Amino acid sequence: MSDAAPSVGGSSLPEMDVGGRLDRLRPSLVELGLGGLLVTNITNVRYLSGFTGSAGSLWVDEQRAVLVTDGRYRDQAPDQVASVGTDVDVEIIGSGRPSPLGVLAGGVNRVGLEADSVSWAEVERLAGLITTAGGGDPVSTTGLVESLREVKDDGEVARIAAAAAIADAALVSVEALFVEGAVESDLATALDHAMRIGGSSDRAFETIVAAGPNGARPHARPGSRAMVDGDLVVRDFGAVIDGYRSDMTRSMRIGGTGSGPAADLLAVVLEAQAAGLAAVVDGVPASEVDKACRSVLLEAGLGEAFSHGTGHGVGLDIHEGPAVASTATGSLRSGQVVTVEPGAYVAGLGGVRWEDTVLVTDDGHRSLTGFPKAL
Ligand code: ZN
Ligand code: ZN
């Protein structure tokens, strides 16, 4: 399902500063000595122009931004670009012959390409077009637009928060279905349906409902097993508003938390998540947030059981910068939206993960996901 249709919740939300994004990108072109940048990552194209189609690229240089798209989007593209704000200065041209890129890149010496999104074959094709048009060899770039996307404006945060609120409400509406005999895939479908009813244009990623032995795998897919009393269940899901995603995990135990090793696992991972959340603030090295979570689990003898990084940025993509991991080199900044999601996966016992999507602020964080985490 395309999310190109107008969203239910998006219209009343604060405007996003789409026009300012091109202005923030251009200094990096100057810095790298690029005569132009061809944006081919479709999410980056959307971020810079508002275009939500599935095929198109955006040429950006000092003076102009030109969306090159095919005939399918001839009517749609102008509407979409206009709908994100009146200050987005993007021209739209259809693809065809002569190649619009050849015309745009004619005589431009250093044309930047996005190394993470073009194939080798595409580089060769584009290089041919550019040199035929009198330009020089293209230049590899990485992360120019992605780094801009890491810090969200108020309109973006409002959309992620709206998606998170839909996901919260979806879990409220299906929580009573998590009982003995319930089937993972049925409950995943129920969550997806509740999010769509709530106004989500899609699910943010493939919903995870993983119980018992399946829950002991961090990226389990919902299966057909019926849940039994005492199963630990991982529920990881999110909604989408105007392309912006939310991400939340709530774990629970069928029949109630009770006591014993499974109950202890729920509690200690929750404690690890609280430690991670408490570390989130503008300026903190992202690796410190990971360390805060990890040290609680290490202390509990669950270092090996926490087999993934602590979190990731969330926005137009479900996984984007910054990474919150032991190997991360950067520091968190106000306006970034990240997850904090420690987990522990123990064969024979099951899995537990707690995850919130939070906005980094000057004095800590604001959680955008809100479903209660009481045990
Ligand atoms: Zn998640
Ligand atoms: Zn996540």
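Given the structure is predicted, the values throughout are model-derived calculations rather than measurements.
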Q: Decide salt bridge (Lys or Arg N to Asp or Glu O under 4.0 Å) for R159 and D242; before the verdict, give the C-alpha distance in whole Å, the side-chain angles of both, and the deciding distance to 0.1 Å.
A: CA-CA 7 Å; R159 281 158 178 79; D242 289 346; 2.7 Å; yes
Q | Pair E175-R235, salt bridge (Lys or Arg N to Asp or Glu O under 4.0 Å): steps then yes or no | A | CA-CA 10 Å; E175 181 76 324; R235 292 97 49 100; 2.8 Å; yes
Q: Evaluate the salt bridge (Lys or Arg N to Asp or Glu O under 4.0 Å) criterion for residues R110 and D137: first the C-alpha distance (whole Å), next the side-chain angles of each, then the deciding distance (0.1 Å), finally the verdict.
A: CA-CA 7 Å; R110 284 169 57 85; D137 283 336; over 6 Å; no
Q: Show the numbers, then the answer: is there a side chain to side chain contact (heavy atoms under 4.5 Å, CB included) between V346 and V352?
A: CA-CA 9 Å; V346 182; V352 170; over 6 Å; no
Q. Can you list the steps and then say if V111 with L34 is a side chain to side chain contact (heavy atoms under 4.5 Å, CB included)?
A. CA-CA 6 Å; V111 174; L34 301 177; over 6 Å; no
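A salt bridge is defined here as a Lys NZ or Arg NE, NH1 or NH2 lying under 4.0 Å from an Asp or Glu carboxylate O, and E156 with R21 meets this definition. A salt bridge does not link R250 with D236: none of the charged nitrogens is closer than 4.0 Å to a carboxylate oxygen. The existence of a salt bridge linking K373 and E355 is excluded, since no basic side-chain nitrogen approaches an acidic carboxylate oxygen closer than 4.0 Å. Remark: E320 engages K152 in a salt bridge, criterion side-chain N to carboxylate O under 4.0 Å.
Under the 4.5 Å side-chain criterion, counting only non-hydrogen atoms from C-beta, M227 is not in contact with E180. Two residues are said to be in side-chain contact when any heavy atoms from C-beta on lie closer than 4.5 Å; P322 and Q336 meet this criterion. Residues N44 and R149 are in side-chain contact: their nearest non-hydrogen atoms beyond the backbone lie under 4.5 Å apart. Between V139 and L32 the shortest side-chain heavy-atom distance does not fall below 4.5 Å. At a threshold of 4.5 Å between non-hydrogen side-chain atoms, the residues L38 and E114 do not count as touching. In this structure the side chain of R203 never reaches within 4.5 angstrom of the side chain of R196, judged on heavy atoms. In this structure, L368 and V358 have side chains that are not in contact, with every pair of non-hydrogen atoms separated by 4.5 Å or more.
E288 and V284 get closest at one heavy-atom pair: CB-CG2, 3.8 Å. G35 and D61 make their closest contact through O-CB, 3.3 Å (heavy atoms, listed as atom of the first residue, atom of the second, distance). Minimum interatomic distance between W354 and L270 (heavy atoms only, all atoms of both residues): CD1-N, 3.3 Å. Taking every heavy atom of both residues into account, S251 and L266 meet most closely at CB-CD2, 3.7 Å.
With hydrogens and angles ignored, the 3.5 Å screen pairs no side-chain donor or acceptor of R253 with any backbone N or O of L232. Of the possible polar contacts, one joining the R353 side chain to the P218 backbone as a donor-acceptor pair under 3.5 Å is found. Listed for the S326 side chain is no donor-acceptor partner under 3.5 Å among the backbone atoms of K291. In this structure, Q273 contributes its side chain and V340 its backbone to a donor-acceptor pair below 3.5 Å. Under a 3.5 Å cut-off, the side chain of D317 and the backbone N or O of H319 do not form any donor-acceptor pair. Listed for the S246 side chain is a donor-acceptor partner under 3.5 Å among the backbone atoms of A239. No side-chain donor-acceptor contact under 3.5 Å links E299 to the backbone of V296. A donor-acceptor pair is defined here as one N or O able to donate and one able to accept, closer than 3.5 Å; such a pair exists between the side chain of T361 and the backbone of G364. In this structure, the side chain of E184 engages the main chain of G223 through a donor-acceptor pair within 3.5 Å. Between the side chain of D231 and the main chain of V228, a donor-acceptor pair closer than 3.5 Å is present.
Side chains of S117 and T40: a donor on one and an acceptor on the other come within 3.5 Å. No donor-acceptor contact under 3.5 angstrom links the side chains of T339 and D247, judged on distance only. Side-chain N/O atoms of T369 and D356 include a donor and acceptor closer than 3.5 Å. Checked by atom type, the side-chain pair N214/R221 shows no donor-acceptor distance below 3.5 Å.
Here the options are L25, T43, L58, the test is side chain to side chain contact (heavy atoms under 4.5 Å, CB included), and the partner is V145; only L25 passes.
Clustering ILVMFWY residues whenever any of their side-chain heavy atoms sit less than 4.5 angstrom apart, transitively, puts L113 in the very cluster that holds L104. By the rule that hydrophobic residues join a cluster once side-chain heavy atoms approach within less than 4.5 Å of another member, Y47 and L29 end up as members of one cluster. Under the 4.5 Å side-chain contact rule for hydrophobic residues, V90 and L37 share a cluster. Both L148 and V337 belong to a single network of hydrophobic side chains, linked directly or stepwise wherever heavy atoms of I, L, V, M, F, W or Y lie under 4.5 Å apart.
Within 6.0 Å of CD in E304 there are 12 or fewer heavy atoms belonging to other residues, nucleotides or ligands.
Ring pair Y345/H308 is tilted by interplanar angle, where 30° to 60° counts as tilted.
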